[in-house]
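Please read all numbers here as calculations on a predicted model, not as lab measurements. Just so we're on the same page: letters track the sequence lines, and every chain starts at 1.
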Amino acid sequence: MRLKYYKKNKNYNFNKYDKIIYKNWNLKKYFFSKINKNKKSINLLLPPPNITGDLHIGHILNFTILDIFARRYRMLGYNVCFIPGTDHASIATEIKIIKILKNKGIKINKISKNKFNKIILKWSKKYNKIIINQLKSIGCSCDWKKKYFTMDKNHYKSVIKVFIKLYKEGIIYKDNKIVNWDIYAKTTISEEEVIYKNEKKDLYYIKYYTKNKKNNIVISTTRPETIFGDTAICVNNRDKRYKLFRNKKFIIPIINRKIPLIKNTLVNKKFGSGCIKITPAHSEKDYIIFKKNKEKYNLKLINILNDDGTLNNKCMNFSGKDRFLVRKSIIKTLKKLGNFVKKKKILSKNAYSERTNTIIEKKISLQWFLKIKKIVKNIKKYINKIIFYPKNKYNNLIYKWIKNIKDWNISRQLNWGHKIPVYYYKNKEVVANNYKIAKKLFKKKYNIKKKDFKIKQENNVLDTWFSSWILPISVLNGINNNNNKNFNYYYPIKILVTGNDILFFWVLRMIIFSGYYINKIPFKKVYFTGIARDINNNKISKSLGNYKNLYYLLKKYGADGLRVGLLSINNEYDFIYNEKLCEKGRNFINKIWNSLKYLKKIKIKKKNNKNKKLNKIIIKWFNNYLIYKINKLNIYIKEYKIYKSFLLIYNLFKEKFCSIYLELIKNNINKIILKKTLKYYKLLLLILHPYIPFVTEYIYNILYKKNKNNKDITVLKFPIIKKKYKKNIIKKFKNTLEFIKYLKKINFIKKNKKRFNLYIYKKEELLYKKKIYFILIYKLSLIKKIKIINKKKNKKKYLFYIFKNFNFFIKKKNIINNLNKKKIYIKIKFYENYLYKIIKKLKNKKFLLLAPKNIINLEKKKKKNIKKLLFTLKNNYKL
RNA sequence: AGGUGGUUAGCUCAGUGGUUUAGAGCAUUUGUUUUACAAACAAAAGGUCACUAGUUCAAAUCUAGUACCACCUACCA
């Protein structure tokens, strides 16, 4: 690897070096995992992004967290297998292609299926490449040899195998049911892909007369265009208003067809007129009522919609027109006929397709279903074995979902996807792996003796999620061969990282499938991230396109900068993404770059014994502080508190290392301290590496690698320090810095910056020496010397100050008091009030009786100190 | 309608039953071009911690209720 260092560079040139560094990692096969029984395996699965477009902030957050786990486990000596992949995303991709073709002015009807499929294939190849490059460019340390695509041969085979098994067990079946119909994509979609939005709608009240027009009944509906599909009128069993009408028949306006009045408890008396029309082919509830009364009343099922959302030929002169246009014109007609009563605005939900954002229609249709309830029985057992982060947040939700779960509609009327392996001959069907086997089966099963007969494969493809729910097993080829070495070694996944929005789509289904198929959990842990949202609180997603291109962000902020930016928010909850986050990330990387520049520049002065003592203290402090923080860091990561862990490192590096440590040793560097500094710096790079892999690798190569054959940082050991640290040293150092800050704050710095003395009591000398480093005070403040005195100093010449428990004096002439008097007055008032409160507390008998002793003592101390402080302030006020 | 989470500085968010004035980043204001870093450093200003009640010697923190916001689930002719 050729990495060069130019001292003139103002920042880390990520555009140039990130690629070189990743190539090098790849060349040395650091991320490729082979079975090694002496090493524990860690299996991580990258949730496959859809090939519909490039990656966005949500993905990057997700994958960064996964990559942190991967890199850290690798550095801890585990055999990490981080499996990347992409999803064919059947419906999403197909819609995307259709849109693109439409924009080009190409009509889909005029393209043959073959050609269409070729276009999609080309697209999928292109975007597979793009996505992989993007994953590499953000630093994902994946095992590329194990890369999968959900339309690969092997995966396809697995999907088919699973389908056949479930079909044979009677879990997959074909039936006429009400499904969600997307009129744009012309396919069914699953319940999870439907988004309900509450919107204002008109509720129409319409009169239906009896034959002789003597009586009428008023139904209420939001969809008057469906009257062509009416088969009955329904009221609640207990609704007394309609008692008179029992057993009567009514006539549908416009089409003049007779329909009966029926009863059902599902009808809500209070809503609308309490009387509804039944159109069983286009409403789930109506369908249920229809089924119950079908035989008794001889009801018919009438489908009135074409696949594109226009009315079909059963709708008289309205046929061929869009359902919403018909709604308007039919109301006009009803008004003319005198059947229209009134309309009312109500708030009601419209069902939208998540994929195409069009209003979906409920429609009766012959589809394939999966009896998920049948295989979900033992799920509690498996869910209890899996740990979810954040803990317990989703438990209730999960069980509720399982309770209400309906059969899963798995067939889609699309081209792009796994074709359902069912074959037809006349009205007979078989399920088989391929055409040849299917033909043989027909011959056997149905005793067909003809040599030449044509069979047809089912046109529909499977829902995308049908191929996703088997992933944990299928990526290790565990479906085709459930006793292979890889599968036995790597299964199950250690931790799954994913957005909380696909809990039902994917996460739960994987648990259900693995539990059913091999009686095992698919993963040990699940880490849910929040969802990235834009300023308007919309999900950042491919379909909305509300995000900037990744390459733009990478060019501007670098991969490490992006990673830092996204780690700067608490990712357990949804968050609003703002590009300023990336700026913060970039700035941090810049800081790191400059620290390297500084270390490269250091020149050692030969004779420097002046500040040996100071150096010793600094080293002692930082050494202990590092151990303390690294210990804490490891605890955070073990608890999967990623956000906290990074915040810790961020502050450790920027504040403690750069602002304090490096500033303190400046101009005072000898061989020993340089050696120590490089050691600390290496430790910092190591703990930073999982978070920001590129820049740390670069610096490590520049600063520490002497031979080509030396290891890169990515395979070094992650520091876990078992040494104990000394708390009192850390505290003493902190105390001292606070003391110095206080000295600066009381504002007695002379303009000529002449040094002056600080006076302390003899009796407090020990306390001072125990808790404060004098040497640091000399270094960082204008104090010339700390002098020890026996008696109180003359008020006229000296001013008395207090910091925590420390009392000290300063000569008045050393103070330039430019605090204005008003401010001091406000302070005095504040402390007087504060003092009053404490005195009151200390007079409270209950407090003295019940509060712990140390708290009481603390209050007493406070009282003392505030009194003194007030004294000082008042003195200052006079000044 | 039910569930979950939230309400803390102008913005985005940390935070803990008692530590003299509740923290960070960004934004704002002021100062500093001093040899690692102006994408920096130093500092200032900015908060009745949503509201009400309760528990407690002590509540921003625990409990309950209210209001508002977000998400999820269900109903809707």
Side-chain angles (χ1 to χ4, degrees), chain A residues 7 10-11 196 198 201 203-205 219-224 226 234 266-268 271-279 283 285-286 346-350 390 392-397 400-401 403-404 500-501 503-504 530-531 533 537 539 557 561 568-570 572-578 580-581 583-603 643-644 647 650-651 655 658-659 662-663 666-667 741 744-745 802-805 827 830-831 834-835 838 841 844-852 854-856 858-859 861-866 868-869:
Chain A
K7 62 183 176 182
K10 274 205 155 182
N11 36 41
Y196 293 100
N198 270 327
K201 269 188 191 175
L203 179 68
Y204 300 97
Y205 290 70
I219 61 102
S220 44
T221 181
T222 53
R223 300 171 62 197
T226 60
C234 189
L266 283 176
V267 180
N268 183 351
F271 191 93
S273 63
C275 172
I276 61 173
K277 60 193 205 58
I278 302 290
T279 46
S283 153
K285 202 185 220 180
D286 288 9
I346 58 157
L347 201 68
S348 170
K349 76 177 173 189
N350 275 329
N392 300 328
K393 201 178 162 188
Y394 299 99
N395 287 8
N396 282 340
L397 216 70
K400 220 176 173 183
W401 182 77
K403 218 180 168 184
N404 291 325
N500 61 31
D501 54 337
L503 171 63
F504 301 127
I531 306 296
R533 293 177 183 282
N537 209 31
K539 231 194 245 181
Y557 305 105
S568 314
I569 39 107
N570 187 353
E572 286 178 17
Y573 303 101
D574 289 9
F575 64 95
I576 291 166
Y577 165 75
N578 189 326
K580 284 211 167 130
L581 288 172
E583 260 171 51
K584 187 189 167 183
R586 185 200 54 187
N587 292 356
F588 182 60
I589 304 302
N590 186 42
K591 188 85 187 166
I592 294 174
W593 167 257
N594 277 300
S595 66
L596 167 73
K597 252 172 111 174
Y598 176 61
L599 290 179
K600 286 287 268 186
K601 214 172 190 181
I602 284 176
K603 278 175 195 164
Y643 162 73
K644 273 190 174 178
L647 195 69
Y650 181 87
N651 286 330
E655 222 171 88
C658 291
S659 293
L662 286 183
E663 289 300 327
K666 220 174 216 179
N667 302 328
K741 212 175 178 184
K744 279 181 185 167
K745 229 179 183 177
I802 261 181
F803 168 73
K804 289 193 176 176
N805 292 324
K827 264 192 178 178
F830 173 84
Y831 280 111
Y834 197 80
L835 187 66
I838 292 174
K841 217 181 202 177
N844 188 345
K845 279 177 192 171
K846 272 189 180 174
F847 173 73
L848 292 171
L849 209 86
L850 291 167
N854 57 331
I855 298 295
I856 296 172
L858 204 86
E859 291 296 319
K861 254 187 202 171
K862 269 194 219 167
K863 185 182 154 187
K864 239 187 184 177
N865 288 343
I866 289 170
K868 285 181 189 171
L869 193 73

For A:Asn11 and for A:Ala851, locate the closest nucleotide of RNA chain B by heavy-atom distance; then report the residue assigned to the nucleotide nearer the 5' terminus.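 Nearer the 5' end of the strand: A:Asn11.
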
Using a 4.0 Å heavy-atom cut-off, does [X] contact any base of the nucleic acid, only the sugar-phosphate backbone, or nothing at all?
X	answer
A:Cys234	nothing
A:Asn537	sugar-phosphate
A:Lys666	base
A:Leu203	sugar-phosphate

Rounded distance in Å - [atom1] ([X]) to [atom2] ([N]):
X	N	atom1	atom2	answer
A:Asn500	B:rA70	CG	C1'	12 Å
A:Asn651	B:rA14	CG	C1'	11 Å
A:Asp574	B:rG6	CG	C1'	11 Å
A:Lys644	B:rG23	NZ	C1'	13 Å

Which nucleotide, [options], lies nearest any side-chain atom of [X]?
X	options	answer
A:Arg586	B:rC75, B:rA36, B:rA39	B:rA39
A:Leu850	B:rU19, B:rC57, B:rA36	B:rC57
A:Tyr831	B:rU20, B:rG18, B:rA36	B:rU20
A:Phe271	B:rA36, B:rA77, B:rG18	B:rA77
A:Ser595	B:rA36, B:rA77, B:rU20	B:rA36

When both hydrogen-bonding distances must be under 3.5 Å and the geometry is Watson-Crick or G-U wobble, what is B:rU61 paired with, if anything?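 By the stated definition (distances under 3.5 Å), nothing pairs with B:rU61.
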
Please name the nucleotide paired to B:rU55 by Watson-Crick or G-U wobble geometry with both distances under 3.5 Å, or report none.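 No nucleotide pairs with B:rU55.
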
Inter-nucleotide P distance (B:rG23, B:rA60), Å rounded: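 After rounding to an integer number of Å, I get 15 Å for this pair.
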
Do the side chain of A:Asn590 and the main chain of A:Asn11 share a donor and acceptor less than 3.5 angstrom apart?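 Checking the backbone N and O of A:Asn11 against the side chain of A:Asn590, no donor-acceptor pair under 3.5 Å is found.
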
Strictly below 4.0 Å: does A:Asn587 bring a side-chain N or O up to OP1 or OP2 of B:rA40?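 It does, given that an N or O in the side chain of A:Asn587 lies less than 4.0 Å from OP1 or OP2 of B:rA40.
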
Can you check whether A:Lys591 has a side-chain N or O nearer than 4.0 Å to OP1 or OP2 of B:rC41?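 Yes, within the criterion.
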
Tell me if the side-chain of A:Glu663 makes a donor-acceptor pair with the base of B:rA36, cut-off 3.5 Å, by modelled atom types.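 Counting by modelled atom types and ignoring angles, a donor-acceptor contact under 3.5 Å is found here.
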
Flag the pair A:Tyr577 / A:Ile569 as yes when at least one side-chain heavy-atom distance between them is below 4.5 Å, and no otherwise.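 No; the side chains remain at least 4.5 Å from each other.
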
